[in-house]
Structure formats: structure tokens, C-alpha cells
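It should be emphasised that the depicted structure is a prediction, and the values quoted were computed from it without experimental measurement.
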Amino acid sequence: MTFRTRDGVLEQQFEEAVRSVDDFLAEQPGFLSRQVLTVDADGSRVDLVWWKDLAAARSAAEAIRRDPRAASFMSCLDPDAVRVSHARLTHARPEQLPW
């Protein structure tokens, strides 16, 4: 997912909100890993979540909308700047990923 935070969201508030969904994600079947990145050039964000398969990713995407632990994270997002997409890994170095 790529997104921007809403105007007025402080960095500390955002960081706490990001961590607030970690337990939810860890409980989801097929969850492997998560990294949240900030693009230096424009401050946009990337929430990169690794899943066992597309079905697990889609299931979690539906479930997170209903989970109260995600409320603070979702409230930080600018709804006009959220883009969700799924991709498959076509190359990795090292070849053996940690999961």
C-alpha cells in the first residue's frame, strides 16, 4: 500500500499508529513480514506486507477494516492518497529470503 498521512499527523503519532496494527497482522494466517517506509523525496509512505499467498493478503485486507486495533492507523491516512496493490516476487537477492 502506498499512501500519505493526513495533514497535521505528527511523526510520533504515526509511528504509534503503525505499531498498533502489528499484533493484528501477526495473528493473520499467512502473514510473513512487514516494513513501513517513508519516501525521502516527498514524504509519501509504503506499507510493504509480505504474505504467504494472495488469498491470505486479501483476507487480511478485509479483516483489518473491522478490527478496532487498526482505527488509529487508518485515521492517520489521507483517504485520497491511499493505493492498495498486490504484487508477486519475481526476483530477490539474496535468493533465500528469511522466511
Stepwise side-chain contact (heavy atoms from CB on, under 4.5 Å) test for Asp78 and Thr5: CA-CA 5 Å; Asp78 175 349; Thr5 54; over 6 Å; no
Cluster check Trp50, Val46: I/L/V/M/F/W/Y, side chain < 4.5 angstrom: yes
Full working for side-chain contact (heavy atoms from CB on, under 4.5 Å) between Val49 and Trp51: CA-CA 7 Å; Val49 184; Trp51 297 98; 3.2 Å; yes
Asp42, CG: over 12 other non-hydrogen atoms inside 6.0 angstrom: yes
Spacing of OG belonging to Ser75 relative to CD belonging to Gln13, to within rounding of 0.5 Å: 6.5 Å
Stepwise side-chain contact (heavy atoms from CB on, under 4.5 Å) check, His86 with Met1: CA-CA 8 Å; His86 297 97; Met1 173 174 74; over 6 Å; no
Backbone of Ala56 reached by a side-chain donor or acceptor of Ser59 within 3.5 Å: no
CG-CG distance between Asp23 and Asp67, expressed to the nearest 0.5 angstrom: 10.0 Å
Arg34/Asp47 ion pair, N-O < 4.0 Å: yes
Candidate pair Ile64 and Met74, rule side-chain contact (heavy atoms from CB on, under 4.5 Å), full reasoning: CA-CA 9 Å; Ile64 199 168; Met74 297 300 191; 3.8 Å; yes
Arg45 and Thr38 side chains, donor-acceptor separation under 3.5 Å: yes
Cluster overlap Leu48 with Phe31, hydrophobic side-chain contacts below 4.5 Å: no
Donor-acceptor contact present, side-chain Glu62 to main-chain Arg58, <3.5 Å: no
Spatial distance of atom CG (Leu32) from atom NZ (Lys52) [nearest 0.5 Å]: 9.0 Å
Aromatic ring pairing Phe73/Phe3, orientation class (parallel under 30°, perpendicular over 60°, tilted between): perpendicular
Main-chain N/O of Arg4 paired with Ser44 side-chain donor or acceptor, under 3.5 Å: no
Connected via hydrophobic side-chain network under 4.5 Å: Leu89 and Val84: no
Euclidean distance, Glu11 CD relative to Glu16 CD, rounded to 0.5 Å: 11.0 Å
